[in-house]
Amino acid sequence: MISKVMQAAINEQINKEMFSSYLYLSMAAYFEAENLPGFGNWLRIQAEEENEHAMKFYNHLLERGGKVELKAIAAPKTSWGSAMEAVSEVLTHEQHVTKSIHDLYEVALKEKDYAAQVMLHWFIGEQVEEEANASAILDNMKRIEAHDTAILMLDHRLGKRKED
């Protein structure tokens, strides 16, 4: 049986993951409206991954005899000043999620919840990958910032990403 403290913390993380999914879907819509479908593709896939992350937490709670308590998801931002600003926000958001996962791990340590610790190891590794990917895309955008047409090449590359 999972502790009430751990249950509450995981329910909060489910909400954060669902918000992330919603945010990335909003960003996908922004990029698609800006005629950058590759960026839209990348962020649609990101949105789906965040939903999958929420479901991992959801399933973990149920498997441990916990209660899933879904809360309202905050409305995400819907527009950005530029593609650079939006991608920069992706990196900032992933850093925020990383901190949240680390905080959740601290709760698992304090609660001596070994099952949650094992499950959270996957998320810790996943966040390293998420931050690295967002950082690499942002770095590429900074390199091509002065050349507006080069963003189309990056858009084409992002459009080729497939679901895992």
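When reading the values below, keep in mind they use all heavy atoms of this one structure, side chains included, and skip hydrogens, waters and symmetry mates.
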Enquirer: Go through R64 and D113 one step at a time and tell me if the side chain to side chain contact (heavy atoms under 4.5 Å, CB included) criterion holds.
Expert: CA-CA 11 Å; R64 307 264 321 277; D113 188 330; 3.0 Å; yes
Enquirer: Measuring from I2:CD1 to I10:CD1, what's the distance to the nearest 0.5 Å?
Expert: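 One gets 4.0 Å once the value is rounded to the nearest 0.5 Å.
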Enquirer: Strictly below 4.0 Å, N to O, side chains only: are K56 and E17 in salt-bridge contact?
Expert: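 The answer is no: the pair does not qualify as a salt bridge.
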Enquirer: For the pair K99 and E94, evaluate salt bridge (charged side-chain N to carboxylate O under 4.0 Å, His left out) and give the outcome as yes or no after the intermediate values.
Expert: CA-CA 9 Å; K99 181 185 180 323; E94 287 300 336; over 6 Å; no
Enquirer: Taking the six-membered ring for Trp, is the centroid-to-centroid distance between F123 and F57 below 6.0 Å?
Expert: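 Yes, the ring of F123 comes within the 6.0 Å limit of the ring of F57, centre to centre.
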Enquirer: Can you confirm if the aromatic rings of H53 and W122 lie within a centre distance of less than 6.0 Å?
Expert: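 Yes, the ring of W122 comes within the 6.0 Å limit of the ring of H53, centre to centre.
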Enquirer: Is the number of heavy atoms from other residues, nucleotides or ligands under 6.0 Å of K77 NZ greater than 12?
Expert: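 It does: K77 NZ has more than 12 such atoms within range.
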Enquirer: What do the steps show when you test E32 against R44 for side chain to side chain contact (heavy atoms under 4.5 Å, CB included), and what is the final call?
Expert: CA-CA 10 Å; E32 289 169 17; R44 280 180 185 234; 2.7 Å; yes
Enquirer: Give a yes or no on whether I73 and L25 share a hydrophobic cluster (residues Ile, Leu, Val, Met, Phe, Trp, Tyr; joining criterion: side-chain heavy atoms under 4.5 Å apart).
Expert: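 In one cluster: no.
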Enquirer: Give the ring-plane orientation class for W42 versus F39, where under 30° counts as parallel, over 60° as perpendicular and anything between as tilted.
Expert: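 Perpendicular.
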Enquirer: Assess the residue pair L61 and I14 against the criterion (side chain to side chain contact (heavy atoms under 4.5 Å, CB included)); give the C-alpha distance rounded to whole Å, side-chain angles, the decisive distance to 0.1 Å, and a yes or no.
Expert: CA-CA 10 Å; L61 271 182; I14 290 170; 4.1 Å; yes
Enquirer: Which atom pair, heavy atoms only, marks the closest approach of M18 to A54?
Expert: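 Distance-wise, the nearest heavy atoms are SD-CB, 3.4 Å.
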Enquirer: So, do T98 and E131 sit near enough that their side-chain heavy atoms are less than 4.5 Å apart?
Expert: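 T98 reaches E131 side chain to side chain.
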Enquirer: Please report the C-alpha distance between M27 and W80 in whole Å, then the side-chain angles of each, then the deciding distance to 0.1 Å, and finally whether the side chain to side chain contact (heavy atoms under 4.5 Å, CB included) criterion is met.
Expert: CA-CA 8 Å; M27 288 179 165; W80 290 264; 3.4 Å; yes
Enquirer: Classify the side-chain pair E48/S21 by whether it contains a donor and acceptor separated by less than 3.5 Å.
Expert: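 No donor-acceptor contact under 3.5 Å links the two side chains.
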Enquirer: Starting at CG of L36, measure out to OH of Y30 and round the result to the nearest 0.5 Å.
Expert: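 One gets 8.0 Å once the value is rounded to the nearest 0.5 Å.
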Enquirer: In this structure, are over 12 heavy atoms from other groups packed under 6.0 Å from Y105 atom OH?
Expert: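 Counting neighbours around OH of Y105, more than 12 heavy atoms of other residues, nucleotides or ligands fall under 6.0 Å, so yes.
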Enquirer: Between S88 (side chain) and M84 (backbone), is there a donor-acceptor pair under 3.5 Å?
Expert: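 Here the side-chain-to-backbone pair does not exist.
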Enquirer: Would you check if the side chain of S26 reaches a backbone N or O of Y22 as a donor-acceptor pair within less than 3.5 Å?
Expert: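 Answer holds: no.
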